[in-house]
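These notes are about the structure you will find just below.
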Amino acid sequence: MVELQRTLVLVKPDAMQRGLAGEIISRLERRGLRIVGMKLIAVPRALAEEHYAEHKGKGFYSGLVEYICSSPILAAVFEGPSAVKAVRQTVGKTNPVEAMPGTIRADLGLMTGRNLIHASDEEPGSAPREVALWFKPEELAGWSRELDRWYFEED
Ligand code: IDP
Ligand code: MG
């Protein structure tokens with residue numbers, strides 16, 4: 001069996017306000033990643049603070065917490081081979097004008113503070129920690145798709 005990873009995606013308030021949730025989810029879905037969890041959530045401040053705890057003390061931290069709480073967001077978990085790396089690649093660099101063309105941030109954004117999407121980073125443990133922070137186990141669905149063998153090569 002091919003090894004599958006799970007990773008957290010947040011469609012941030014700017015993307016929600018701009019009506020880009022479908023476009024963003026669609027790019028990840030079309031790549032072949034499987035959606036195993038998704039919900040609309042008005043983010044409690046404590047959750048935003050815990051999610052971005054690594055940035056506490058930085059100049060942009062309070063603005064970042066305000067931003068993420070400023071409208072409901074879509075939280076999702078995507079699953080697939082190398083899912084963490086694949087999603088980060090499709091998302092692009094933090095600053096949209098340094099991200100590669102073809103990535104979500106480069107194609108749809110201009111500024112670091114309005115970069116549309118969060119994705120778990122490749123630090124070991126980040127993705128499982130974030131998935132557990134945003135989703136209860138029963139909110140996630142393990143399932144397979146009829147077309148999985150056309151996305152996931154069996155070894
Ligand atoms: P990432 O989202 O690409 O993982 P991080 O460095 O983990 O980037 O930063 C988390 C988020 O904090 C960014 O996506 C962005 O929304 C925000 N952020 C980071 N640096 C700045 C900054 O210099 N100004 C404003 N917001 C920032
Ligand atoms: Mg990060």
Side-chain angles (χ1 to χ4, degrees), residues 3-29 31-143:
E3 195 196 320
L4 302 181
Q5 294 178 338
R6 289 180 172 185
T7 189
L8 179 79
V9 163
L10 303 176
V11 179
K12 291 176 171 178
D14 50 332
M16 299 301 291
Q17 292 287 338
R18 292 171 56 193
L20 293 172
E23 159 91 26
I24 287 169
I25 296 299
S26 178
R27 286 183 179 216
L28 298 169
E29 191 182 30
R31 190 152 183 203
L33 295 157
R34 193 156 69 194
I35 298 167
V36 296
M38 191 177 290
K39 61 184 171 185
L40 184 79
I41 173 168
V43 185
R45 198 175 179 87
L47 177 57
E49 286 176 354
E50 190 170 351
H51 175 74
Y52 281 126
E54 65 172 308
H55 298 298
K56 200 165 183 172
K58 295 182 187 167
F60 61 84
Y61 177 75
S62 63
L64 175 59
V65 170
E66 288 294 323
Y67 165 49
I68 216 72
C69 295
S70 61
S71 79
I73 65 171
L74 213 55
V77 177
F78 282 88
E79 182 176 71
S82 307
V84 177
K85 189 172 189 174
V87 171
R88 288 290 289 194
Q89 183 185 47
T90 292
V91 165
K93 281 195 180 178
T94 308
N95 183 345
V97 296
E98 283 167 11
M100 294 277 282
T103 62
I104 290 166
R105 285 169 168 171
D107 289 356
L108 303 173
L110 289 169
M111 293 186 76
T112 301
R114 295 288 181 269
N115 64 2
L116 302 150
I117 176 169
H118 167 83
S120 301
D121 65 37
E122 290 181 75
E123 225 31 69
S126 281
R129 185 184 68 247
E130 292 187 352
V131 168
L133 180 64
W134 288 82
F135 287 87
K136 298 181 192 125
E138 63 268 26
E139 291 176 318
L140 300 172
W143 62 303

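Side chains are part of it too, since the values below use all heavy atoms of this structure and drop only hydrogens, waters and symmetry mates. Heads up: numbering here begins at 1 and tracks the sequence.
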So, for R6 and A141, which heavy atoms are closest and what is the spacing to 0.1 Å? NH2-O, 4.2 Å
Which pair of heavy atoms, one from L64 and one from H55, lies closest together, and at what distance? CD2-CD2, 4.3 Å
Would you call F135 and L8 a side-chain contact if the rule is heavy atoms closer than 4.5 Å? yes
What are the two closest heavy atoms between R34 and L4, and how far apart are they? NH2-CD1, 3.2 Å
E98 bridged to K93 by N-O distance under 4.0 Å: no
Check for a donor-acceptor pair, side chain of E23 on one end and backbone N or O of L20 on the other, with a separation under 3.5 Å. no
Side-chain donor/acceptor pairs under 3.5 Å, residues 109-117, sequence neighbours excluded:
from : atom 1 : to   : atom 2 : distance (Å)
N115 : OD1    : K12  : NZ     : 2.7
N115 : ND2    : T94  : O      : 3.0
N115 : ND2    : T112 : O      : 3.3

E54: salt bridge (Lys or Arg N to Asp or Glu O under 4.0 Å) partners, not counting sequence neighbours: none
To the nearest 0.5 Å, how far apart are CZ in F60 and OH in Y67? 12.0 Å
Rounded to the nearest 0.5 Å, the OH atom of Y61 sits from the NZ atom of K56 at a distance of 5.0 Å
Side chain of R45, backbone of V65: donor and acceptor closer than 3.5 Å? no
When rounded to the nearest 0.5 angstrom, what is the spacing between CD in Q5 and CZ in F78? 14.5 Å
Under 3.5 Å donor-acceptor, W143 side chain and I35 backbone: yes
In this structure, CG of N95 is separated from CZ of R105 (nearest 0.5 Å) by 9.5 Å
Are E122 and R88 close enough for a salt bridge, meaning some N to O gap below 4.0 Å? no
Show me the donor-acceptor pairs within less than 3.5 Å that the side chains of residues 80-87 make with the rest of the protein, sequence neighbours left out.
none

What do the steps show when you test L74 against V9 for side-chain contact (heavy atoms from CB on, under 4.5 Å), and what is the final call? CA-CA 8 Å; L74 213 55; V9 163; over 6 Å; no
